[in-house]
Enquirer: 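One structure coming up, written as structure tokens, with questions to follow.
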Amino acid sequence: MTAPNPYVFIVIFVGVALVFPLIPLGLAWLWRRFFQPPKPGAEKNAIYECGVESIGEAQIQFRSQYYLYAIIFLIFDVEAIFLVPFAVAFTGLPVGAFIAILVFLLLLIEGLVWAWGKGCLQWER
Amino acid sequence: MTEQIDEGLRSELQRQGVWVTSMQELYNWGRKNSIWPLQFGLACCAIEMIATAASRYDIARFGGEVFRPSPRQADLMIVAGTVTKKMAPQIVRLYNQMPDPKYVISMGACAISGGPFKQGYNVLKGIDRYIPVDVYIPGCPPRPEALLHAFMELQSKIDSQKLTGQNRAEHLNVAQPSEFPVPSFGEHDLEPPANPDVFHPPKIERQS
């Protein structure tokens with residue numbers, strides 16, 4: 001008797017992996033078909049499922065004007081985070097690192113000037 | 001289904017290693033040992049529900065540990081706590097979204113009748129005004145043992161449900177609705193204040 005092709009076992013494995021879940025699914029389908037009456041309804045078929053009625057459309061548009069908030073957040077929040085370690089390590093910094101952080105500050109200051117000119121810093125009541 | 005096997009013969013067969021069962025018993029056995037509750041707490045009773053699910057009381061021993069965050073996957077709604085009138089429509093809607101068969105445990109005095117807050121203007125006087133309740137647990141709050149007891153009562157109810165014939169379980173009846181009307185906020189109270197198809201309060205007969 002010759003040894004079977006080693007790939008036969010993989011074929012058997014795939015077959016079992018397909019049949020094993022299909023049997024309970026088929027039994028459940030038969031059960032639903034013959035015993036369980038379907039009872040769909042407006043709320044049962046609703047998309048949202050937390051108990052609250054959904055309001056409006058799901059496909060809303062996001063205002064692109066919010067990029068201004070992102071820029072101001074960078075200037076006043078992220079920059080402050082970088083300024084603290086910069087100030088702590090100031091005396092030990094090599095010239096290259098000093099110039100690099102100045103370039104970084106310059107870029108953000110440029111953004112601040114631009115946002116100022118745009119009127120974003122105007123306080124609106 | 002109509003022919004019941006003799007209990008003596010059955011136990012005799014079991015002693016010999018032969019198990020006889022019916023489709024209904026097998027189906028109910030599977031159902032009652034995998035009740036998935038809805039993960040849904042309202043007030044202090046929910047703390048006891050959490051304790052029931054945790055290791056000391058361990059509702060997993062009864063197959064109920066899989067608290068589902070979605071009503072689509074839940075079999076059991078444990079109304080654990082005070083139902084305010086603001087919350088009542090959401091509870092009914094969640095119940096409507098649960099698939100059949102579905103069961104409700106009314107946990108604690110508040111869920112049964114409003115409990116100590118019954119006189120409050122904003123408290124619903126019992127969740128059974130809007131949805132059918134299977135098991136009531138008294139207590140304020142009920143201890144985890146009480147919730148486990150209710151769970152076992154529900155299991156015995158599921159076990160005794162018929163799948164065919166005239167007395168079959170309600171969810172298999174085509175005429176039995178699966179959704180119940182959601183109350184809306186009226187001027188003074190929820191509209192309607194109770195669902196007459198569901199709410200059957202006991203008649204109080206006073207001795208004169």
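First the proteins, then the strands, lettered A, B, ... as listed; each starts at 1.
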Enquirer: For the CG atom of B:L172 and the NZ atom of A:K39, what is their distance to the nearest 0.5 Å?
Expert: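 The distance works out to 7.5 Å.
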Enquirer: Is atom CD of B:E191 surrounded by more than 12 heavy atoms (other residues, nucleotides or ligands) closer than 6.0 Å?
Expert: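 Enclosed: over 12 neighbouring heavy atoms sit under 6.0 Å from CD of B:E191.
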Enquirer: More than 12 foreign heavy atoms under 6.0 Å from CD of A:E53: is that the case here?
Expert: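 Atom CD in A:E53 is not packed in, count stays at 12 or less.
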Enquirer: Answer yes or no: are there more than 12 heavy-atom neighbours, outside B:Q176 itself, under 6.0 Å from its atom CD?
Expert: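 Enclosed: over 12 neighbouring heavy atoms sit under 6.0 Å from CD of B:Q176.
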Enquirer: Are more than 12 heavy atoms, taken from residues, nucleotides or ligands other than B:R56, located less than 6.0 Å from that residue's CZ atom?
Expert: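 No - once you tally the heavy atoms of other residues, nucleotides and ligands closer than 6.0 Å, there are 12 at most.
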Enquirer: Count the heavy atoms of every other residue, nucleotide or ligand shown that sit under 6.0 Å from CG of B:N122, and state whether that count exceeds 12.
Expert: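 More than 12 heavy atoms, drawn from other residues, nucleotides or ligands, come within 6.0 Å of this atom.
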Enquirer: For A:G51 and B:L94, which heavy atoms make the closest approach, and how far apart are they?
Expert: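 Looking at all heavy atoms of both residues, the closest pair is N-CD2, 3.7 Å.
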Enquirer: A quick test of your reading: do over 12 heavy atoms of other residues, nucleotides or ligands sit less than 6.0 Å from CD of A:E110?
Expert: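 Incorrect, the count does not exceed 12.
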Enquirer: Is it true that, when you exclude A:F104 itself, more than 12 heavy atoms of the residues, nucleotides or ligands shown sit nearer than 6.0 Å to its CZ?
Expert: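 Counting neighbours around CZ of A:F104, more than 12 heavy atoms of other residues, nucleotides or ligands fall under 6.0 Å, so yes.
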Enquirer: Considering non-hydrogen atoms only, spot the tightest contact between B:P71 and A:E49 and give its length.
Expert: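 Between these two residues, the closest heavy atoms are CD-O, 3.3 Å.
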Enquirer: Examine whether an atom of B:M98 lies under 4.5 Å from a heavy atom of chain A, and if so say whether it belongs to the side chain, the backbone or both; otherwise answer neither.
Expert: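 The backbone, not the side chain.
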Enquirer: Can you name the closest pair of heavy atoms from B:E179 and A:G41 and give their distance?
Expert: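 So the minimum-distance heavy-atom pair works out to OE2-CA, 3.0 Å.
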Enquirer: How many angstroms lie between atom CZ of B:R93 and atom NZ of A:K44, to the nearest 0.5 angstrom?
Expert: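 If we round to the nearest 0.5 Å, B:R93:CZ and A:K44:NZ are 16.0 Å apart.
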Enquirer: Is A:Y48 in contact with chain B via its backbone, its side chain, both, or neither, using a 4.5 Å heavy-atom distance?
Expert: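 Contact with chain B is through the backbone of A:Y48 alone.
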Enquirer: To the nearest 0.5 Å, what is the distance between CG on B:L163 and CH2 on A:W31?
Expert: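 Interatomic distance, B:L163 CG to A:W31 CH2, rounded to 0.5 Å: 4.5 Å.
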Enquirer: Nearest heavy-atom pair of B:R72 and A:I47: which atoms, and what distance?
Expert: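 Scanning both residues, the minimum pair turns out to be NH2-O, 3.6 Å.
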Enquirer: For B:Y95, which atoms come within 4.5 Å of any heavy atom of chain A: side chain, backbone, both, or neither?
Expert: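 The answer is neither part of B:Y95.
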